[in-house]
**Student:** 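Shown below is the structure under consideration.
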Number of protein chains: 2
Amino acid sequence: MARRSDHSREQLYTLALGAAERIVEADGLHRLTARNVADAIGYSPGTLYNVFENLDDLILHLNAHTLDLLFETLSQAPVTGAPDRDIDTLLDGYLEFLLGHPGLWAALFEYVRPDGAGLPDWYQLKIARVLGLLEAALAPLFGKAETDQLTHAARVLWAGLHGIYALEAGGKLDVVGNDTFRDMAKTLTRTFLAGLRHGAREAGHE
Amino acid sequence: MARRSDHSREQLYTLALGAAERIVEADGLHRLTARNVADAIGYSPGTLYNVFENLDDLILHLNAHTLDLLFETLSQAPVTGAPDRDIDTLLDGYLEFLLGHPGLWAALFEYVRPDGAGLPDWYQLKIARVLGLLEAALAPLFGKAETDQLTHAARVLWAGLHGIYALEAGGKLDVVGNDTFRDMAKTLTRTFLAGLRHGAREAGHE
DNA sequence: ACCTGAACACCGTTCAAGT
DNA sequence: ACCTGAACACCGTTCAAGT
């Protein structure tokens, strides 16, 4: 039997991602299976393969959506031109988002691409968009001709924050207390900013 | 049929970990299956469950072994008392180790504990041992009464380095060039050290 | 006591068959 | 054209049966 067409392709896409989001947030990425998602939306597993290439593709779109949500949240923060203030604002938004969607956030980084397949361009753009916010906040610390150093610094800070989250969330630092992630993130940003101001960049100048 | 006893329990443990190491290094953690390991050592899957609690337990022991190897490598580096020099030495050793064992290193962080199960104490100790080397290198920057700030700083730096590796290895930064990981790691350590020296720690003083 | 291998309850993915 | 559900080739884990 077949041919229900209760939903359009777009509706199926939205339904599936919504169900995936709920499963990941409730039980983690390892419970996200094709059969689970199909069950949740009342279709057979095979139907998912009409909408997504495979399960990896579904996860990629789920993660892309998470990046969109983060960008929307962070882009509402005002930019004052004072790096310490602006970075602090971004950091607060980042922390709030990630603590509010722990499952989705974990999935974003837990997911490993099959083989050595890189991430597609449309996905890389979503990352670049978030990094752009960091760059805007750090920009006053750099000269106009130092855009390379600026993007470099933004990436290092972004990666560093992710590292703290990853180790903390994975219990891979024998950490006591609940606000340690926040503390470490603050230490990283504050120390990194102080370092950017003082002497660490001489090598970058001409 | 049964009762071969070709190997002792200890020999089985070593054989299994060795096979696991080869599989992970060659094909990645996702190819590490009980049947794969069993095949490689010429036993049935069931036998593994005499030696390890389950596959998670096997991976945990594999990762513990990786941490041991890293500690052995890094602890041979001389400590001069000059933080910039010593951190640089450690960083070089870290980079060399990780580029020499990319599969094992990826497995160390890719592996996510089931449920919210924390890591056992004997494993945490292996992490602490590595962190201790970082602390020793950073120690001259801190006063004798600032051991809390010292361990905090060492953890932040360790986590930050991991973040850079994780994003780079996962292709999650649209990075060009081959030595970018090294560049970013150098930027992080240099900037972080400069920040520790200048002003960023006022809040930590009494 | 140790090991086997069949069995159970799952996977991702494909595809002939149906409407 | 779209969807199904059975099928294929896998999983982790258990455990009665054998020596």
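Please read these numbers as outputs of a predicted model, since none were measured by experiment. Residue numbering restarts at 1 for every chain, and letters A, B, ... go by the order of the sequence lines.
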**Student:** For DNA chain C, what string of dots and brackets results from 5' to 3' when Watson-Crick and G-U pairs need both distances under 3.5 Å, crossing pairs get [ ], and pairs with another strand get |?
**Tutor:** ||.|||||...|||||.||
**Student:** What pairs meet the ring pair (Phe, Tyr, Trp, His ring centres under 6.0 Å) rule with one or both residues in residues 10-39 of chain B, with sequence neighbours excluded?
**Tutor:**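 Pairs touching residues 10-39 of chain B that pass the test: B:Y13-B:F52, B:Y13-B:H61.
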**Student:** Without placing hydrogens or testing angles, list every side-chain donor-acceptor pair under 3.5 Å for residues 76-83 of chain A, not counting sequence neighbours.
**Tutor:**
unit_1: A:T80; atom_1: OG1; unit_2: A:A82; atom_2: N; d: 3.1
unit_1: A:T80; atom_1: OG1; unit_2: A:D86; atom_2: OD1; d: 2.9

**Student:** Can you check nucleotides 11-13 of chain D for protein contacts, nitrogen or oxygen pairs under 3.5 Å, and list what you find?
**Tutor:**
unit_1: D:dG12; atom_1: OP1; unit_2: B:A34; atom_2: N; d: 3.4
unit_1: D:dG12; atom_1: OP2; unit_2: B:A34; atom_2: N; d: 3.1
unit_1: D:dG12; atom_1: N7; unit_2: B:R35; atom_2: NH1; d: 2.5
unit_1: D:dG12; atom_1: O6; unit_2: B:R35; atom_2: NH2; d: 2.9
unit_1: D:dT13; atom_1: OP2; unit_2: B:Y49; atom_2: OH; d: 2.7
unit_1: D:dT13; atom_1: OP2; unit_2: B:L55; atom_2: N; d: 2.9
unit_1: D:dT13; atom_1: O5'; unit_2: B:Y49; atom_2: OH; d: 3.2

**Student:** So, taking the atom named CG in A:L70 and the one named NE2 in A:H101, what distance separates them when rounded to the nearest 0.5 Å?
**Tutor:**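 It comes to 9.5 Å.
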**Student:** Donor-acceptor pairs under 3.5 angstrom involving side-chain atoms of residues 15-27 of chain B: please list them, not counting sequence neighbours.
**Tutor:**
unit_1: B:E21; atom_1: OE1; unit_2: B:H65; atom_2: ND1; d: 3.4
unit_1: B:E25; atom_1: OE1; unit_2: B:L104; atom_2: N; d: 3.2
unit_1: B:E25; atom_1: OE2; unit_2: B:G103; atom_2: N; d: 2.5

**Student:** So what does A:L12 hit on the nucleic acid, given a heavy-atom distance under 4.0 Å: a base, only sugar-phosphate, or nothing?
**Tutor:**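 Sugar-phosphate contact only.
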**Student:** Could you check how far CG of B:D39 sits from P of D:dA9, rounded to whole Å?
**Tutor:**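 In whole Å, D:dA9 P lies 17 Å from B:D39 CG.
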**Student:** Just the rounded figure in Å: distance from P of C:dC2 to OH of B:Y43.
**Tutor:**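 The answer, rounded to whole Å, is 12 Å.
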**Student:** Suppose we screen for ring-ring contact (aromatic ring centres under 6.0 Å, His included). Which residues come up paired with B:F109, at least two apart in sequence or across chains?
**Tutor:**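 So B:F109 forms a ring-ring contact (aromatic ring centres under 6.0 Å, His included) with B:W105, B:H162.
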**Student:** Between B:T47 and C:dT4, is there a side-chain N or O to OP1/OP2 distance below 4.0 Å?
**Tutor:**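 Yes, within the criterion.
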**Student:** Sorted by first residue and then second, give each salt bridge (Lys or Arg N to Asp or Glu O under 4.0 Å) pair with at least one member in residues 69-82 of chain B; sequence neighbours left out.
**Tutor:**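 The answer is none; no pair qualifies.
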**Student:** Output every pair passing salt bridge (Lys or Arg N to Asp or Glu O under 4.0 Å) with a member in residues 120-142 of chain A, not counting sequence neighbours, ordered by first then second residue.
**Tutor:**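 Only A:D68-A:K126, A:D68-A:R129 qualify under salt bridge (Lys or Arg N to Asp or Glu O under 4.0 Å).
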**Student:** Considering every strand and a 4.0 Å limit on heavy-atom distances, what is the contact class for B:L48: base, sugar-phosphate, or nothing?
**Tutor:**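 No contact at all - B:L48 keeps every heavy atom at 4.0 Å or more from the nucleic acid.
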**Student:** Could I get the full list of side chain to side chain donor-acceptor pair (under 3.5 Å) partners for B:D39, not counting sequence neighbours?
**Tutor:**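 Partners of B:D39 under the side chain to side chain donor-acceptor pair (under 3.5 Å) test: none.
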**Student:** Rounded to the nearest angstrom, tell me the gap between atom NE2 in A:H7 and atom P in D:dC2.
**Tutor:**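 Atom-to-atom, A:H7 to D:dC2, this comes out as 15 Å.
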